[in-house]
2 protein chains.
Amino acid sequence: MNIGEIARRAGVSRSTVSYALSGKRPVSDDTRRKIQQVIDELGYRPNASARALANGRTNTIGLVFPPAGNHYTGMQLDFIGSVVEAAAAYDYDVLLSPSGVDSDRSFQRLLGERRVDGAILMEIRLEDDRVDHLAELGFPSVAIGRTAHPEGGWWVGLDHTALAAACVHHLADLGHRRIAFVNRPEQLLRAGYESAHRGLDGFTKAAAERGLTVRTYCCGDDAASGQACLERILHDDPATTGLVTLNEAALGGLYRGLAQAGRHVPRDFSVTGVVAGRWAETVTPQLTAADVPAEEMGRHAVDLLVERLDHPDGPSRHHLLAPPISLRASTGPATAS
Amino acid sequence: MNIGEIARRAGVSRSTVSYALSGKRPVSDDTRRKIQQVIDELGYRPNASARALANGRTNTIGLVFPPAGNHYTGMQLDFIGSVVEAAAAYDYDVLLSPSGVDSDRSFQRLLGERRVDGAILMEIRLEDDRVDHLAELGFPSVAIGRTAHPEGGWWVGLDHTALAAACVHHLADLGHRRIAFVNRPEQLLRAGYESAHRGLDGFTKAAAERGLTVRTYCCGDDAASGQACLERILHDDPATTGLVTLNEAALGGLYRGLAQAGRHVPRDFSVTGVVAGRWAETVTPQLTAADVPAEEMGRHAVDLLVERLDHPDGPSRHHLLAPPISLRASTGPATAS
DNA sequence: CGCTTCACGCGAACCGGTTCGACAACCGGA
DNA sequence: TCCGGTTGTCGAACCGGTTCGCGTGAAGCG
């Protein structure tokens, strides 16, 4: 069942059916009604591939996300969900593309074979060849994250530097003098992940400003690693009274480590960081944290991409977000020890 | 840059280029080399829409997942990740389709417009019109979950009945006599979600078998609801000493409620349920639970779908999984009270 | 009444691939 | 030398839409 069949049954030509559907040329009410009736009767829908071939747009956007090998964090899930939902509102479908080790292959599929009109990139690195590559090609894309040279690019990012610094100031204001930083896994830091780098920067600078004694750690994205990391922290400096973390997935393990060391949160030890709000609330006591507005970021990314697709020659745009710290129950004044 | 351009530069016809690429007819080594050289030079890749139009296959599978309105659980994330990864291994892309309120619209896009060759459905209901609809159409699809009448269908499911029963027996063996069941939200139960129904069934029957006193609850998919639910449980029957849950997202809240009621896990109260292993380990004490093998299920679903696509006339297949309970630290003998 | 104007619909070309039938060149065997 | 079979290549048709240019009949106008 194709457009020719509809045309035949309605007693008109294929082009007339096409115009009746698209409205790009006037069609008399009579014929339009007749065509619509046949379409409803047969439940006809135009073939997406044929349409994409003819007018050069697939009405699909690609979402390039990290490989499953690493554990997913809740934040990534929220990104995916909100991107899909926002795209649906614009009548775009979302094609998932794992950007694994051989990111070239996946990229070739998306771009070279023209499967998508534009792309949204997650898990950005400070020096990101994917971003550079797309920029060179002039291919419409929006990054969720910000490279070291974001000027002139399209992105929506989180001000990790400021957020980590805010966490440090929060702890310093409470009187903490010896604190630790729990980062994402070392492998990601070495790969240049922007959140890991900027977060670390913000933490280090703010701590220096306040004259704090600090230690920084990398930690795997799971509970067991979090627990192990906390043991190292207390082993390296038992006088530590607080920590800042970017590592959502390790949070449960950090709490467990504290409980087993007999440190009560927040009486003996304060915990804070940058974490999606929904996850900050699952731990007890609930985490005082800068809540990552993942859903808002996903929506923004789609809005920007659609704008870029609709106005290819418009100026580049971006959003830099810096949500405030939500005070919950995991931080408190440093005890005189 | 298209196949005609390649043909021109290589001094051959378009069909020869096509055959050189597909290998469906012999091409002399000389011409093949010449063609390959031009292709490499120009970085040519065949247009996916054109190819899909010509041979009737998109090399894309649709993943129909629940709308973002409800919170996602970690399990769903694991499904998505493993499906994408498994599909990539077969050279399939994955198109995400939110099956929201107007699931018809999204379905029409996927099927009517022929965007995908097959589909994987998540969040199955006992009476699921999507499954029925696809079965009527003979459209290749695989369900992650099992309807009330799974005979002759393609699916990969979890034996929630058996798993919930196993949890009850585990608690009963430890001497618990009064236990509660914490289900998914009431809205989902009413909608007929299979895990909620079968889990409840398994719990109820096993409890009756063991002569236990039980209460069952529905609980929202977030920590606050979990905490509230636990308060209700202890209010309704303070002598309750254990619970079984399917609700991953509420788990943190349940623990918090217990802590605030002064019940120590596992000394005063035992907690168990059916939860993805990775999340069972984030809480303290770690949850004794039947670990949902989400990644394995996603892989199986893709395997089945690809088999169905390759052999449209083969007999239907399915996998019913029933992972054992992993003993961790959240259950213990009932205290004589 | 003859002329322009406009609304409407048609046919053909095109998007970029795949596939089928035909044909030329070459080979060995009778 | 002629014939039959291979091998390699080509042209044309096709997949199912969109879009451009043109023709036609009716309405508008002096």
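Throughout, protein chains are lettered first and strands after them, A, B, ... in sequence-line order, and every chain is numbered starting at 1.
Nearest heavy atom pair, residue A:Arg45 against residue B:Gln108, reads CD-OE1, 3.0 Å. Taking all atoms of both residues into account, the shortest heavy-atom contact from A:Leu320 to A:Leu158 is CD1-C, 3.8 Å.
Judged purely by distance below 3.5 Å, without hydrogens or angles, the side chains of A:Ser15 and A:Ser18 never pair a donor atom with an acceptor atom. There is a side-chain donor-acceptor pair under 3.5 Å between B:Asp117 and B:Thr58.
Around CZ of A:Arg114, the count of heavy atoms belonging to other residues, nucleotides or ligands within 6.0 Å does not exceed 12.
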Next item on the list: Kindly indicate, with the supporting measurements, whether the criterion salt bridge (charged side-chain N to carboxylate O under 4.0 Å, His left out) is fulfilled by A:Arg125 and A:Glu127.
Entry: CA-CA 5 Å; A:Arg125 308 175 183 196; A:Glu127 303 295 336; over 6 Å; no
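The span of DNA chain C lying next to chain B, judged by atoms under 4.0 Å from heavy atoms, is bounded 5' to 3' by C:dG16 to C:dA22.
Closest-nucleotide positions on DNA chain C for B:Thr16 and B:Ala50 were compared, and the one nearer the 5' end corresponds to B:Ala50. Nearest-nucleotide positions on DNA chain D for B:Arg14 and B:Leu53 put B:Arg14 closer to the 5' end.
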Please list, pair by pair, any protein nitrogen or oxygen found under 3.5 Å from a nitrogen or oxygen in nucleotides 20-22 of chain D.
from	atom 1	to	atom 2	distance (Å)
D:dC20	N4	A:Tyr19	OH	2.8
D:dG21	N7	A:Arg25	NH2	3.2
D:dG21	O6	A:Arg25	NH1	2.4
D:dG21	O6	A:Arg25	NH2	3.4

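For B:Ser28 and D:dG8, the shortest distance from a side-chain N or O to OP1 or OP2 is not below 4.0 Å.
Heavy atoms of B:Pro26 sit under 4.0 angstrom from at least one base atom. Note on A:Thr31: only backbone sugar-phosphate atoms sit closer than 4.0 angstrom, heavy atoms only; bases stay farther off.
For the atom pair OH of A:Tyr44 and CD1 of A:Ile3, the computed distance is 4.5 Å after rounding to the nearest 0.5 Å.
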Under 3.5 Å, sequence neighbours excluded: what are the donor-acceptor pairs made by side chains of residues 299-311 of chain A?
from	atom 1	to	atom 2	distance (Å)
A:Asp303	OD1	A:Tyr90	OH	2.9
A:Glu307	OE1	A:Arg317	NH1	2.4
A:Glu307	OE2	A:Arg317	NH1	3.4
A:Arg308	NH1	A:Ser141	O	2.8

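Residue B:Arg33 contributes atom CZ, which lies 12 Å from atom P of D:dT9 at whole-angstrom precision.
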